[in-house]
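Starting from 1, each residue takes its place in the sequence as its number. These numbers come from the heavy atoms of this one structure, side chains and all, not from hydrogens, waters or symmetry mates.
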Amino acid sequence: MKSPLLTLPGAVPAEGVDEGVAAHYGDLFREQRALADGTGFVDLSHRGVVTVSGEDRLTWLHLLLTQHVTDLPAGEATEALILSAHGHIEHALYLVDDGTTVWAHVEPGTQEALIAYLESMKFFYKVEVADRTDEFAVVHLPAGSIAEVPEGVVVRETAYGRDLFLPRADLESYAGQAGPPAGLLAHEALRVESHRPRLGFETDHRTIPHELGWIGTAVHLQKGCYRGQETVARVQNLGKPPRRLVFLHLDGSEVHLPAAGTEIRLADEEPDGRKIGFITTSARHHELGPVALALVKRNVPVDARLIAGDTAAAQEVVVEP
């Protein structure tokens with residue numbers, strides 16, 4: 001779905017899974033600084049929007065999600081995962097309940113598979129699941145923003161800012177009053193800085209929540225009764241995940257950022273040394289320079305010097321080994 005905001009001056013379209021919105025509007029670092037200062041907005045209208053309504057919505061979702069939502073207060077934001085039977089991450093949902101309906105935004109293009117799964121699990125529960133992507137666009141306001149929110153718009157407020165479920169027909173008019181636009185690259189750079197994983201970027205077909213630091217924020221350890229819970233409990237109580245998320249400071253002298261999937265090895269080994277991890281997301285940050293998130297083997301020493309492709313990298317611990 002192509003955003004009408006791609007017609008704004010300087011807009012350069014994003015590619016890949018983020019196709020349909022702007023990667024930037026001509027000045028990546030200015031856009032980052034604006035967001036860091038609490039001004040402007042990010043067009044996330046390519047993301048999927050799913051709602052669950054009905055009197056059983058919270059008790060039903062509680063049985064399916066990794067998060068404790070039975071008593072989720074209206075207006076309180078949370079996030080949750082859906083796991084496979086083996087505990088691998090399949091979906092990530094960013095939720096808020098408005099008192100009658102649970103609203104969630106999800107990764108672009110994943111809403112159909114998510115809804116198919118939810119529909120298959122309805123049984124006798126009084127719930128209605130709907131794809132609202134055609135009707136509502138997600139707009140992100142950064143933390144500290146004083147931009148007004150139109151009356152009646154559902155808001156998901158977090159420490160990183162507010163996500164608005166804005167009627168899609170109002171997207172252009174709201175953009176005119178919400179301040180300077182910032183593109184996906186600016187939004188992603190701040191996400192990397194704050195070590196927040198993203199489905200399909202930091203995850204692959206075998207990722208479990210412990211590897212990414214999603215325990216506590218998206219996985220509640222004091223509840224059971226969801227698919228994959230056995231794996232979560234076993235790793236939490238008896239073992240360690242095979243990989244861990246790290247934050248990398250990259251050599252700023254390199255012209256090109258190492259792309260997602262770039263192999264990581266120990267700097268002290270030969271150029272054809274063993275692979276110990278890979279880049280998941282790389283970005284140019286307005287203050288930190290080139291940075292990245294990566295998955296490495298759990299037993300990689302936390303002080304080890306790393307090489308991502310041909311780029312030297314120093315790691316910061318995100319998930320403890």
**Student:** Could you give me the CA-CA distance, side-chain angles and deciding distance for R47 and H105, then say whether side-chain hydrogen bond (donor to acceptor under 3.5 Å, both in side chains) is met?
**Tutor:** CA-CA 6 Å; R47 291 184 64 83; H105 65 80; 2.9 Å; yes
**Student:** For Q32 and H286, indicate whether the former's side chain and the latter's backbone hold a donor-acceptor pair under 3.5 Å.
**Tutor:** yes
**Student:** Mark yes or no for whether S45, through its side chain, and S3, through its backbone, hold a donor-acceptor pair below 3.5 Å.
**Tutor:** no
**Student:** Got a sec: does the CD of E15 have more than 12 other heavy atoms crowding it under 6.0 Å?
**Tutor:** no
**Student:** So which atom in Q67 and which in G216 form the shortest heavy-atom distance, rounded to 0.1 Å?
**Tutor:** NE2-O, 4.5 Å
**Student:** Do the side chains of Y226 and L63 get nearer than 4.5 Å, heavy atoms only?
**Tutor:** no
**Student:** Is it the case that more than 12 heavy atoms not belonging to E148 sit under 6.0 Å from its CD atom?
**Tutor:** no
**Student:** Can you name the closest pair of heavy atoms from H285 and L190 and give their distance?
**Tutor:** NE2-CD2, 3.9 Å
**Student:** Is it the case that over 12 heavy atoms from other parts of the model lie below 6.0 angstrom from the CG atom of D310?
**Tutor:** no
**Student:** May I ask you to establish whether R156 and Y94 are in a cation-pi arrangement, using a distance under 6.0 Å from NZ or CZ to the six-membered ring centre and at most 45° from the ring axis?
**Tutor:** no
**Student:** Are T280 and E202 close enough that a side-chain donor and a side-chain acceptor fall under 3.5 Å?
**Tutor:** yes
**Student:** What verdict does the salt bridge (charged side-chain N to carboxylate O under 4.0 Å, His left out) test give for R244 and E320, after you've listed the backbone C-alpha separation in whole Å, the side-chain angles of each residue and the deciding distance to 0.1 Å?
**Tutor:** CA-CA 7 Å; R244 60 185 178 88; E320 294 288 340; over 6 Å; no
**Student:** Using atom types as modelled and distance alone, determine if a side-chain donor or acceptor of D56 lies under 3.5 Å from a backbone N or O of K126.
**Tutor:** yes
**Student:** How are the rings of H68 and H220 set relative to one another: parallel (under 30°), tilted (30 to 60°) or perpendicular (over 60°)?
**Tutor:** tilted
**Student:** So do the side chains of L164 and V149 get within less than 4.5 Å of each other, counting heavy atoms only?
**Tutor:** yes
**Student:** Under 6.0 Å from the ring centre and within 45 degrees of the ring axis: does the NZ or CZ of R191 meet both conditions for the six-membered ring of Y160?
**Tutor:** no
**Student:** What is the minimum heavy-atom distance between G183 and V42, and which atoms define it?
**Tutor:** O-CG1, 4.2 Å
**Student:** Is there a side-chain contact between H140 and H187, using heavy atoms and a 4.5 Å cut-off?
**Tutor:** yes
**Student:** Can you list the steps and then say if R168 with E135 is a salt bridge (charged side-chain N to carboxylate O under 4.0 Å, His left out)?
**Tutor:** CA-CA 5 Å; R168 193 169 288 273; E135 304 168 68; over 6 Å; no
**Student:** Distance check, rounded to the nearest 0.5 Å: L72 atom CG versus L61 atom CG?
**Tutor:** 9.5 Å
**Student:** Determine the minimum heavy-atom distance between A292 and V192, stating which atoms define it.
**Tutor:** C-CG1, 3.9 Å
**Student:** Check the pair L212 / T203 against side-chain contact (heavy atoms from CB on, under 4.5 Å), numbers first and verdict last.
**Tutor:** CA-CA 8 Å; L212 303 183; T203 69; 3.6 Å; yes
**Student:** Do you know which two heavy atoms are closest between L184 and D43, and how far apart they sit?
**Tutor:** CD2-O, 3.6 Å
**Student:** To the nearest 0.5 Å, what is the distance between CG on L185 and NE2 on H24?
**Tutor:** 6.0 Å
**Student:** Do side-chain atoms of T231 reach the backbone of H86 as a donor and acceptor pair under 3.5 angstrom?
**Tutor:** yes
**Student:** When hydrophobic residues are tied together by side-chain contacts of less than 4.5 Å, even through go-betweens, does I89 share a cluster with V318?
**Tutor:** yes
**Student:** Whether the D170 and S173 side chains hold a donor-acceptor pair (N or O, under 3.5 Å, no angle test) is what I'd like checked.
**Tutor:** no
**Student:** For atom CD of E19, is the number of surrounding heavy atoms from other residues, nucleotides or ligands below 6.0 Å larger than 12?
**Tutor:** no
**Student:** Hydrophobic clustering (ILVMFWY, side-chain heavy atoms < 4.5 Å, transitive) - are F123 and L114 grouped together?
**Tutor:** yes
**Student:** Any heavy-atom pair between the side chains of P197 and T281 that's under 4.5 Å?
**Tutor:** no
**Student:** Could you check H249 against E316 for side-chain contact (heavy atoms from CB on, under 4.5 Å), going step by step and ending with a plain yes or no?
**Tutor:** CA-CA 8 Å; H249 293 272; E316 287 186 12; 2.7 Å; yes
**Student:** Under 4.5 Å between side-chain heavy atoms, counting indirect links through other Ile/Leu/Val/Met/Phe/Trp/Tyr residues: same cluster for M1 and F165 or not?
**Tutor:** no
**Student:** Check this for me: does any side-chain nitrogen of one of R227 and E90 sit under 4.0 Å from a carboxylate oxygen of the other?
**Tutor:** yes
**Student:** Taking atom NZ of K275 as the centre, does the number of heavy atoms from other residues, nucleotides or ligands within less than 6.0 Å exceed 12?
**Tutor:** yes
**Student:** Give a yes or no answer on whether the side chain of K223 reaches the backbone of L65 with a donor-acceptor pair at less than 3.5 Å.
**Tutor:** yes
**Student:** Hey, does the side chain of R298 reach the backbone of P241 with a donor-acceptor pair shorter than 3.5 angstrom?
**Tutor:** yes
**Student:** Are L44 and L6 in one and the same hydrophobic cluster, where Ile, Leu, Val, Met, Phe, Trp and Tyr link if side-chain heavy atoms are under 4.5 Å apart?
**Tutor:** no
**Student:** Is the ring centre of W103 less than 6.0 Å from the ring centre of F136?
**Tutor:** yes
**Student:** Within a strict 4.5 Å, meaning less than it, do heavy atoms of the V52 and E128 side chains meet?
**Tutor:** no
**Student:** Working note: D18 + H46, criterion side-chain contact (heavy atoms from CB on, under 4.5 Å); need CA distance, chi angles, decisive distance, verdict.
**Tutor:** CA-CA 7 Å; D18 288 323; H46 63 317; 2.8 Å; yes
**Student:** Mind checking side-chain contact (heavy atoms from CB on, under 4.5 Å) for A304 and listing every partner two or more places apart, or none if nothing turns up?
**Tutor:** L266, V300, P301, L306, Q315
**Student:** When you measure from the side chain of N237 to the backbone N and O of A233, does any donor-acceptor pair fall under 3.5 Å?
**Tutor:** yes
**Student:** Looking at side-chain heavy atoms only, is the closest gap between V106 and H91 below 4.5 Å?
**Tutor:** no
**Student:** Can you list the steps and then say if R198 with E188 is a salt bridge (charged side-chain N to carboxylate O under 4.0 Å, His left out)?
**Tutor:** CA-CA 10 Å; R198 184 177 171 189; E188 283 289 278; 3.4 Å; yes
**Student:** What do you reckon, is CD of E112 surrounded by more than 12 foreign heavy atoms closer than 6.0 Å?
**Tutor:** no
**Student:** Backbone N or O of I208 within a donor-acceptor pair of the E211 side chain at under 3.5 Å?
**Tutor:** yes
**Student:** Just wondering, more than 12 heavy atoms not from K240 lying within 6.0 Å of its NZ?
**Tutor:** no
**Student:** A side-chain contact here means heavy atoms from C-beta on lying under 4.5 Å apart; do S145 and T39 qualify?
**Tutor:** no
**Student:** When rounded to the nearest 0.5 angstrom, what distance separates CG in D163 from CG in L166?
**Tutor:** 12.0 Å
**Student:** If you measure from CD1 on I264 to CG on L295, what distance do you get to the nearest 0.5 Å?
**Tutor:** 8.5 Å
**Student:** Report the C-alpha separation of I115 and E119 in whole Å, then their side-chain angles, then the decisive distance to 0.1 Å, and conclude whether the side-chain contact (heavy atoms from CB on, under 4.5 Å) test is met.
**Tutor:** CA-CA 6 Å; I115 289 172; E119 288 286 353; 4.0 Å; yes
**Student:** Check for me whether the distance between the ring centres of H205 and H88 falls short of 6.0 Å.
**Tutor:** no
**Student:** Can you see whether D131 engages T133 through a side-chain donor-acceptor pair at a distance of less than 3.5 angstrom?
**Tutor:** yes
**Student:** Evaluate whether atom CG of L238 has more than 12 neighbouring non-hydrogen atoms of other residues, nucleotides or ligands under 6.0 angstrom away.
**Tutor:** yes
**Student:** Any chance you could measure L93, atom CG, to E79, atom CD, to the nearest 0.5 Å?
**Tutor:** 10.0 Å
**Student:** How long is the span from the OG1 atom in T66 to the CG atom in L81, to the nearest 0.5 Å?
**Tutor:** 4.0 Å
**Student:** Report yes if some heavy atom in the side chain of L118 is under 4.5 Å from a heavy atom in the side chain of L64; otherwise report no.
**Tutor:** yes
